[in-house]
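Attaching a single structure in structure tokens format; questions to follow.
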Amino acid sequence: MNLSTMLNTKQQEAVTTTEGPVLVLAAAGSGKTRALTYRVAYLIDQGVSPVNILTLTFTNKAAQDMKRKIKDLLGEMPDQMWIGTFHSICVRILSQNLKKLGYQSGFVIYDQDESKSLVADIILSFNLDKEKYDPKIVLKLINKAKLKLWAEDELLARYQEVGNGSEEYYQNIVDIYQKYNEVLKDNNAFDFNDLLAKTIELFEEHQDVLAKYQDKFKYLLIDEYQDTSPIQYRLAQLVAKKHNNIFVVGDDFQSIYKFRGADMNNILSFADDFAECKTIKLEQNYRSKGNIINASNALIARNHQQFNKEVWTANAEGEPVIICEAANEYAEADYITEEIDNLVRFSGYKYNDIAILYRSNHQSRVLEEAFIRKRIPYYIVGGLGFYDRKEIKDIISYLKVAVNPQDTIAMKRIVNVPKRGIGAKTLDKLIRHAQEYVPEFNLLSFNQEDESLGLFDIMEEPTDVSGIGKKTAAKIRSFHKDLEEVIAIKESSLSIPDQVDEILKTSGYQAMLELDGSETALNRLDNLNEFLVLAENYQRKNPDRELDDFVRDLKLLSDQDDLDQSNQVKMMTVHASKGLEFPTVFIVGVEEEVFPHRRSIKSGLIEDIEEERRLAYVAMTRAENRLFISYTRQRQQFGETKTMIPSRFLDELPTELILEVIHNHQL
DNA sequence: CATCATGAAGTTTTT
DNA sequence: CTTCATGATG
């Protein structure tokens with residue numbers, strides 16, 4: 001393994017310092033993932049068994065990426081090596097030790113929605129004032145306590161410390177918290193935070209178990225360390241305590257997840273927490289042109305709570321950063337489409353090289369409209385893209401039910417679309433009946449292969465279900481008939497697009513929209529047509545495949561990983577852009593109250609503005625060659641035209657790196 | 001019990 | 001201008 005040709009000296013140091021705590025402060029574009037993957041390869045090369053290495057990431061995507069890169073380096077990915085998210089690794093540890101914590105095998109995991117409805121039930125059972133106890137807010141408080149590892153006996157004091165509610169209010173929250181945990185335990189269930197919290201509990205109460213894992217994970221590596229929460233920190237600390245080989249990589253300039261529990265102090269005080277820690281700074285940026293680096297450096301220098309880093313690049317200066325003032329959001333979109341046209345026509349860029357970044361999801365709408373009009377291909381990453389539209393989700397749910405009539409989740413979605421007089425209460429009854437009638441029926445099971453009886457079968461004879469009247473039963477039976485027809489269509493020899501089309505008609509979905517006739521309804525019909533085109537394309541490319549395959553592959557089609565293949569401009573929130581890079585980047589809506597976001601301004605906390613500034617830093621540093629930033633003078637907000645002020649962040653960019661333009665034209 | 005009308009609020013997101 | 005939640009109505 002010849003490291004010196006592949007890595008710079010700092011990266012080599014990060015890779016080869018295998019013993020003791022190591023903090024790598026890795027600037028944007030400095031080869032952070034490279035250092036991480038080479039380190040794993042290097043450890044194995046040095047004779048460390050893959051069994052003894054644990055690598056923790058934040059997302060499954062990051063874990064996959066890393067596995068792939070390690071495989072490229074080593075020729076194969078050692079399958080005994082644990083690489084995964086904090087959560088998935090904890091699931092693995094927990095399932096090996098369930099009995100010790102008093103859980104049965106076959107536990108379930110509650111997602112946010114399930115947790116929320118549980119909290120709602122508890123609030124109801126406590127007879128608390130609905131006005132004062134919103135399940136969403138209560139769950140947030142519960143999550144906060146778990147994330148911050150607050151002990152149960154100090155909860156009340158902690159809540160009062162950070163909030164401004166009454167003692168009675170917080171006492172009730174504490175009661176809900178306790179009840180919530182009891183119910184989870186009774187249901188043999190964990191929520192997302194429990195996965196970590198219970199692993200910690202396991203380690204703290206069973207020293208022998210802890211010792212076992214400490215010896216297993218002699219080498220611990222953590223990615224994106226600036227976004228770890230207190231609970232994750234505690235877990236890392238426990239695992240690393242014995243062998244003390246903890247290696248963390250992160251960039252305090254890019255900490256943007258405070259709202260979901262990230263605590264920058266973890267990275268800022270790493271050197272204090274782990275004695276004799278070695279700090280290595282990766283400051284050379286390989287990604288961006290000089291002007292982009294210098295501009296982003298000037299911006300981030302305004303923040304206070306951070307390490308001193310001198311990000312530099314050997315790359316050429318490049319073009320100035322363009323800042324465009326647009327009359328309004330339509331003119332802004334017009335400007336962007338025009339620039340993209342120019343870049344593609346005259347500067348050799350492809351659509352694929354371009355990304356548009358915004359602060360909030362809803363900003364994509366005006367852009368989308370402009371892109372459609374100008375016929376520029378685009379793709380929305382995350383947020384409400386094509387597959388997130390209501391009508392597309394609905395039709396996909398119909399297809400899912402056609403393929404698997406026991407898919408309860410899809411069934412729930414379509415049962416009353418179009419209106420069939422079967423509401424949430426009726427469905428609840430049916431589900432409850434299914435749970436009694438079929439012991440293995442599990443609403444939380446997402447297992448598509450589950451062949452057991454489910455909702456569909458019960459709908460055939462709904463009179464058996466207690467509490468369902470004759471009228472409703474007739475409606476349900478009629479729906480069941482419709483579904484049988486839908487299933488018959490699936491069994492037919494029609495092509496996939498024809499089947500989809502037939503299902504749209506048989507279900508009454510199409511008629512519903514045609515009858516409505518409103519603009520949104522017509523828009524939805526258009527989108528469904530687009531979906532049919534998609535099905536046609538799919539069939540053309542895969543003549544032998546059937547509806548089952550199509551439904552299964554739809555998931556992949558909407559997956560982010562396949563993005564690079566298609567030549568489309570990508571649109572996404574700044575958050576979603578983290579870790580990505582593009583030759584050309586447009587940052588839009590850079591105005592006070594938009595970016596920085598209104599709530600961060602209103603909170604009055606300097607740290608909130610600093611997080612927004614880091615967010616802007618992340619956005620800018622995604623760009624390799626060209627960076628365009630735009631703001632509007634006027635914008636429609638909440639139905640009224642508001643006069644906008646350019647973002648304070650724009651004033652923080654050195655004027656000599658900038659070229660300002662004005663764009664008033666709009667379509 | 002389903003559906004309609006009215007009103008309030010309006011980030012970022014992974015597991 | 002949305003979307004979502006809630007209370008009144010049929």
Side-chain angles (χ1 to χ4, degrees), chain A residues 56-63 84-92 94 109-116 120 130-131 134-136 140 143 146-147 190-197 199 223-224 227-229 231-232 255-262 329 357-366 381-384 390 415-429 467-473 475-476 519-520 523 560 572-579 589 593-603 608 611-612 614-616 618-619 635-642:
Chain A
L56 294 170
T57 63
F58 272 81
T59 62
N60 288 313
K61 186 165 176 268
T85 62
F86 276 92
H87 297 269
S88 68
I89 295 295
C90 284
V91 167
R92 250 171 120 164
L94 285 174
I109 298 167
Y110 277 25
D111 67 22
Q112 288 298 299
D113 281 344
E114 289 155 349
S115 294
K116 202 171 80 192
K130 273 192 298 194
E131 301 278 286
D134 174 8
K136 217 165 121 192
K140 229 181 187 168
N143 280 334
K146 289 191 179 185
L147 270 170
F190 300 95
D191 68 15
F192 283 126
N193 286 318
D194 279 345
L195 296 174
L196 309 198
T199 305
D223 192 18
E224 304 280 13
D227 285 326
T228 49
S229 58
I231 195 172
Q232 287 162 332
S255 173
I256 55 172
Y257 284 113
K258 184 186 164 197
F259 70 92
R260 65 175 202 214
E329 64 267 45
L357 310 181
Y358 34 79
R359 177 63 179 83
S360 317
N361 279 311
H362 66 259
Q363 290 175 266
S364 68
R365 242 193 56 201
V366 173
V381 180
L384 274 103
K390 190 178 177 304
V415 68
N416 209 24
V417 190
K419 299 255 149 66
R420 296 191 177 90
I422 307 168
K425 285 271 157 67
T426 306
L427 205 64
D428 265 1
K429 280 179 197 155
I468 286 190
K470 269 209 167 118
K471 260 198 203 152
T472 318
K475 286 174 185 161
I476 294 169
E519 201 168 318
T520 36
N523 212 335
Q560 291 191 20
M572 68 194 91
T573 63
V574 180
H575 281 95
S577 77
K578 195 168 158 214
E593 310 241 300
V594 175
F595 199 177
H597 194 275
R598 194 158 85 261
R599 288 176 87 125
S600 312
I601 297 173
K602 274 210 315 219
S603 84
D608 285 350
E611 176 129 332
E612 294 283 310
R614 287 192 293 272
L615 202 50
V618 167
R635 173 184 294 276
Q636 292 283 119
Q637 273 192 319
F638 310 140
E640 55 181 342
T641 306
K642 286 181 76 177

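Keep in mind that this is a model prediction, so the values were computed, not measured. Sequence lines set the chain letters: A, B, ... in the order given, protein chains first and strands last, and positions in each chain run from 1.
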Inset, instruction - To the nearest 0.5 angstrom, please state how far the CZ atom of A:F86 sits from the CD atom of A:Q232. - result: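 Here the interatomic distance stands at 4.5 Å.
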Inset, instruction - Write down the distance separating the C1' atoms in C:dT6 and B:dT11, rounded off to the nearest Å. - result: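 Per the computed distance, 24 Å lies between those C1' atoms.
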Inset, instruction - Round to the nearest Å and state the distance from A:Q232 atom CD to B:dT14 atom P. - result: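 Rounded to the whole Å, the gap is 14 Å.
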Inset, instruction - Calculate the interatomic distance between A:H575 atom NE2 and B:dT13 atom P; express it in whole Å. - result: 7 Å
Inset, instruction - Would you check if A:L56 and A:T85 make a side-chain contact, meaning some heavy-atom pair closer than 4.5 Å? - result: no
Inset, instruction - Supply the atom-to-atom distance A:F595 CZ to A:L357 CG, rounded to the nearest 0.5 angstrom. - result: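 If we round to the nearest 0.5 Å, A:F595:CZ and A:L357:CG are 8.5 Å apart.
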Inset, instruction - Measure from CE on A:M572 to P on B:dT12 and round the result to the nearest Å. - result: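 Distance check: A:M572 CE to B:dT12 P gives 15 Å.
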Inset, instruction - For A:F259 and B:dT12, say yes or no: do the ring centres fall under 5.5 Å of each other while the ring planes differ by less than 30°? - result: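 Aromatic stack with B:dT12 present for A:F259.
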Legend entry - Nearest-Å distance for atom pair NZ/C1', residues A:K258 and B:dT14: 19 Å
Inset, instruction - Kindly say if A:T85 contacts the phosphate of B:dT14, meaning a side-chain N or O under 4.0 Å from OP1 or OP2. - result: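 For B:dT14, neither OP1 nor OP2 has a side-chain N or O of A:T85 closer than 4.0 Å.
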Inset, instruction - Determine the interplanar angle of the A:Y257 and A:H575 rings, folded into 0 to 90°, and report it as parallel if under 30°, tilted if 30 to 60°, perpendicular if over 60°. - result: tilted
Do any N or O atoms of the protein come closer than 3.5 Å to N or O atoms of nucleotides 3-10 of chain B, and which pairs are they?
residue, atom, partner, partner atom, Å
B:dT3, OP1, A:G421, N, 3.4
B:dT3, OP2, A:N416, ND2, 2.9

Legend entry - CZ on A:R614 to NZ on A:K578, rounded to 0.5 Å: 10.5 Å
Legend entry - Integer angstrom distance from the P of B:dT12 to that of C:dA5: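 Result for the P pair: 16 Å, nearest Å.
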Inset, instruction - For A:F58, answer base if it contacts any base atom (sugar-phosphate contacts may also be present), sugar-phosphate if it contacts only those atoms, and nothing otherwise; contact means non-hydrogen atoms under 4.0 Å. - result: sugar-phosphate
Legend entry - Any A:N361 side-chain N or O less than 4.0 Å from OP1/OP2 of B:dT11: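 Looking at the OP1 and OP2 atoms of B:dT11, neither is under 4.0 Å from any side-chain N or O of A:N361.
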Legend entry - Nearest-Å distance for atom pair NE2/C1', residues A:H362 and B:dT12: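 Rounded to the whole Å, the gap is 12 Å.
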Legend entry - Which nucleotide in B:dT12, B:dT15, B:dT13 has an atom nearest any side-chain atom of A:R260: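 So the side chain of A:R260 is nearest to B:dT13.
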Inset, instruction - Looking only at side-chain atoms of A:H87, point me to the closest of C:dT2, B:dT15, B:dT11. - result: B:dT15
Inset, instruction - Write down the distance between CZ (A:F190) and P (B:dT14), rounded to a whole number of angstrom. - result: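 One finds 24 Å between P of B:dT14 and CZ of A:F190, rounded.
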Legend entry - Interatomic distance where CG belongs to A:L357 and P belongs to B:dT11 [whole Å]: 19 Å
Inset, instruction - Can you measure from CG (A:N143) to CG (A:N193) and round to the nearest 0.5 angstrom? - result: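 It comes to 5.0 Å.
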Inset, instruction - Could you say whether A:N60 or A:E612 is positioned toward the 5' end of DNA chain B, judged by the nucleotide with the nearest heavy atom to each? - result: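 Closest to the 5' end, via its nearest nucleotide, is A:E612.
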Inset, instruction - Would you give the length of the straight line joining atom CG of A:L195 to atom NZ of A:K146, rounded to the nearest 0.5 angstrom? - result: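 One gets 9.5 Å once the value is rounded to the nearest 0.5 Å.
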Inset, instruction - Take atom CZ of A:F192 and atom P of B:dT14, then tell me their distance rounded to the nearest Å. - result: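 Distance, rounded to whole Å: 11 Å.
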